[in-house]
Amino acid sequence: MMTASFQRRLLTCLIVVCCLVYQLAFVGDIHTHTRSSSACHSVDATGDVGSNSNRQPSWSSSSSSYYPEFDEHGGQLKSNSTFEFRFSNKVVHVAKFGLGHRLSKVGCAWHLAKSLNVTRLELKWNDCRGIDNIFPLLFGSDHVDVPGTEELALEANRTGNINKSLRITNDVDGYYGANNYKWHRVPLSADVYKGEHSPWLEKLDSELQLFKMLRRRFAGKEDAIRFMEEHNFRDRFVIGVHLRLGNDEPLNFVSSGRGVDDQLEFVHNMLDLLRSFLERLQRSHPERFRTCEGRPRRPLIFLATDSPKFIPVIVDDTRLWTFNDTALWGVNDTSRLGSVQTVVMEQLRVDEGVTFYKLTQGEECLRGWREMILDSILLSFSDVLISPRHSSFAQILPVPLVFDRGGGVPGPHFCEMSGSARTMVCLEDMRTWLFRDDKEKMFHYSILNDDDESEPPVVHTLLTHIPDVEVSPHYAEAKKYMEQEDTALTSMEYGAEFSPKYRWRLACPGCTDFTFT
């Protein structure tokens, strides 16, 4: 027969075991990236859209807990090794031009480094006079660790095959904007490029990990958290709008096919289309406007734009829109009508032209870059991201993060407008955005009559960079250089600053689709 003392000890042990089991189960649960097509839209502790479950995340008092994408475990990549390789080989990328452009090239350099088993990517952003390199001031370090094979790095250190540098300026040869393959009618094997082991999809997935890491390391993440807390992003249905109209930029914006003859008319059309989109989305996907607890997620527009003169127009117009909770929740209460708020991040702006060309001096220049990145990262927290004119600023970093955040949730997540802003096509996931081959995941919106065919179709302009169908001739040289043990060459240039393969070739103006065979 058990004594009272033994029973107490046994009971204590059982309680401890139960607590451990619960803790392990809970921790395992919150660090599992659950994706669900459920109607319930709470944000769980991984930052992913959660499923319809009775468990509610146990938030800490820290505001960043609501945005775990910024936390240490929010998509962080594991270090390549527990060792520090002081003299490891590296790829060095020297960036040029605007934020979207340079991030597209950084993503290519990252992917190239992975393919060469080089575990360090060093970034040089030499844009501000008086500051040697702004990248570490923006992201905490002058390099990022590239996922690689620890054994290869150990072997390189053991053999002395170290301290070699592959230097790239601007273009990464062998990677090109996806639209080039349409414009030049490049024959593509559907089995290869749309198959299970597609090199294009693999590159985009690899790049997603890089952008998650950069978002986590961004020096201005506390500013992002404060802004999202101030405007209650977590309880709102956030529509991110990136309005790129050139800010009266004279040359490049028009020559790249993004010019608008009557900008004010374009903005008014855009507003009408957004309002129509919002009304239709409430009817077609009402579950996206409520939380697991049944509370409404009222719409909030976050606007990022290079054309500040249109901010008052947009803010004043959307303030007149009404969001009727009655229609969604079946509550007959007209007091639940609410206007749609548009919010903008306060920042340095220039009267005309491109910010990074105008702000070039020291701290002012650094602030300009910081605020551009802040806009980009805030856009990545959208439930739906809208791009009235195609822009690498929206496509390169925000788009993959928005698709990832909304993975498994039915309905539109990224939308592209026509040249007049009277029609719009929205996509549900990254693959559909790339290939446009799943009609069930494409959604069409218009301010025109359904039988009005006068509006040209939305042009699908893909600026994201993907591997070429032919391996770059520089790749074999780089691979040999990195693997060669007895070379005295400590640095090697990779490709030209402006890769000539597609850049100056005559494009087919009417070629808007890939040529799959």
Side-chain angles (χ1 to χ4, degrees), residues 231 233 236-245 258 260 262-286 288-289 296-325 327-328 337-345 375 378-391 393-395 398-399 402 406 409 411-428 433 442-450 452 455-460:
H231 299 290
F233 270 40
R236 306 294 290 270
F237 183 81
V238 180
I239 301 172
V241 178
H242 177 239
L243 180 61
R244 174 88 162 95
L245 288 178
R258 293 177 287 175
V260 175
D262 189 333
Q263 294 187 351
L264 186 58
E265 180 185 13
F266 181 91
V267 169
H268 283 308
N269 286 343
M270 177 195 77
L271 289 166
D272 289 343
L273 184 54
L274 285 176
R275 185 171 186 172
S276 173
F277 164 74
L278 185 55
E279 291 171 350
R280 286 183 56 186
L281 192 64
Q282 289 174 32
R283 295 194 298 269
S284 63
H285 295 82
R288 294 185 65 178
F289 292 87
R297 300 176 71 218
R298 294 191 173 186
L300 174 74
I301 295 175
F302 169 66
L303 173 65
T305 181
D306 68 339
S307 299
K309 63 185 178 183
F310 293 112
I311 292 175
V313 176
I314 296 167
V315 170
D316 291 343
D317 190 284
T318 58
R319 190 183 290 126
L320 300 176
W321 302 359
T322 56
F323 177 77
N324 191 348
D325 293 347
L328 288 177
L337 288 171
S339 63
V340 177
Q341 183 184 12
T342 295
V343 295
V344 182
M345 170 64 73
D375 259 354
L378 288 170
L379 286 172
S380 77
F381 284 90
S382 305
D383 292 286
V384 176
L385 176 59
I386 310 280
S387 185
R389 304 299 286 151
H390 64 269
S391 169
F393 186 96
Q395 287 193 21
V399 164
V402 166
V409 178
H413 292 284
F414 175 57
C415 305
E416 298 168 312
M417 290 187 179
S418 66
S420 67
R422 292 188 293 181
T423 61
M424 180 168 72
V425 175
C426 300
L427 300 310
E428 186 170 309
W433 176 57
M442 296 175 62
F443 308 88
H444 299 264
Y445 301 90
S446 175
I447 57 174
L448 305 171
N449 296 326
D450 291 339
D452 188 341
E455 179 70 11
V458 175
V459 177
H460 182 217

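These numbers come from a predicted model, not from an experiment.
- Residues Val425 and Glu416 are not in side-chain contact: their nearest non-hydrogen atoms beyond the backbone lie 4.5 Å or more apart.
- In this structure, Leu274 CG and Asp317 CG are separated by 9.5 Å, a value rounded to the nearest 0.5 Å.
- Here Asn269 pairs with nothing under the side chain to side chain donor-acceptor pair (under 3.5 Å) rule; sequence neighbours left out.
- Pro398 has its side chain out of reach of His242: every pair of non-hydrogen atoms, C-beta onward, lies at least 4.5 Å apart.
- For the pair Leu320 and Arg275, the tightest heavy-atom approach, listed with the atom from each and the gap, is O-NH2, 4.4 Å.
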**Request:** Before giving the answer on side-chain contact (heavy atoms from CB on, under 4.5 Å), spell out for Asp375 and Phe393 the whole-Å C-alpha distance, their side-chain angles and the decisive distance to 0.1 Å.
**Result:** CA-CA 10 Å; Asp375 259 354; Phe393 186 96; 4.0 Å; yes

**Request:** Go through the steps to decide whether Trp321 and Glu279 satisfy the test side-chain contact (heavy atoms from CB on, under 4.5 Å), and finish with yes or no.
**Result:** CA-CA 10 Å; Trp321 302 359; Glu279 291 171 350; over 6 Å; no

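- Residue Met417 holds its CE atom at 7.0 Å from CZ of Phe266, rounded to the nearest 0.5 Å.
- One finds the NE2 atom of His231 at 6.5 Å from the CD atom of Gln341 (value rounded to the nearest 0.5 Å).
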**Item:** Intermediate values then yes/no, side-chain contact (heavy atoms from CB on, under 4.5 Å), Phe310 and Thr305
**Value:** CA-CA 9 Å; Phe310 293 112; Thr305 181; 5.8 Å; no

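- Between the side chain of Glu428 and the backbone N or O of Pro412 there is no donor-acceptor pair closer than 3.5 Å.
- For the atom pair CD1 (Ile447) and CZ (Arg422), the distance works out to 6.5 Å, reported to the nearest 0.5 Å.
- Counting heavy atoms from C-beta on, the side chains of Leu281 and Phe289 come closer than 4.5 Å.
- Between His268 and Val313, the shortest heavy-atom contact is CE1-CG1, 4.0 Å.
- Side-chain atoms of Phe302 and Phe233, non-hydrogen and from C-beta on, do get closer than 4.5 Å to each other.
- Across all their heavy atoms, Leu379 and Ala304 have their closest contact at CD1-CB, 4.0 Å.
- Closest approach of Ser418 and Val458 over heavy atoms only: N-CG2, 3.7 Å.
- Nearest approach of Ser307 to Leu245, heavy atoms of both residues: OG-CB, 3.5 Å.
- Taking 4.5 Å as the limit, every side-chain heavy atom of Val340 sits out of range of all side-chain heavy atoms of Arg319.
- A 4.5 Å side-chain heavy-atom check between Arg280 and Phe443 finds every atom pair outside the cut-off.
- In terms of heavy atoms, Gly411 sits closest to His285 at CA-NE2, 3.5 Å.
- Checked by atom type and distance alone, the side chain of Arg298 never pairs as donor or acceptor with a backbone atom of Arg236 at under 3.5 Å.
- In this structure, the separation between CZ on Phe414 and SG on Cys426 is 9.0 Å, given to the nearest 0.5 Å.
- Results of the side-chain contact (heavy atoms from CB on, under 4.5 Å) test with Pro388 over Leu243, Leu273, Val267 single out Leu243 as the only residue that passes.
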**Item:** Steps toward side-chain contact (heavy atoms from CB on, under 4.5 Å) verdict (Ile386, Met270)
**Value:** CA-CA 10 Å; Ile386 310 280; Met270 177 195 77; 5.9 Å; no

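- With contacts defined as side-chain heavy-atom distances shorter than 4.5 Å, the pair Gln395/Trp433 qualifies.
- The line from CG of Leu300 to OG1 of Thr318 is 9.5 Å long, rounded to the nearest 0.5 Å.
- Applying the ring-ring contact (aromatic ring centres under 6.0 Å, His included) rule to Tyr445 yields the partners Phe277; only residues at least two apart in sequence or on another chain are considered.
- In this view, His413 and Arg288 satisfy the side chain to side chain donor-acceptor pair (under 3.5 Å) rule, not counting sequence neighbours.
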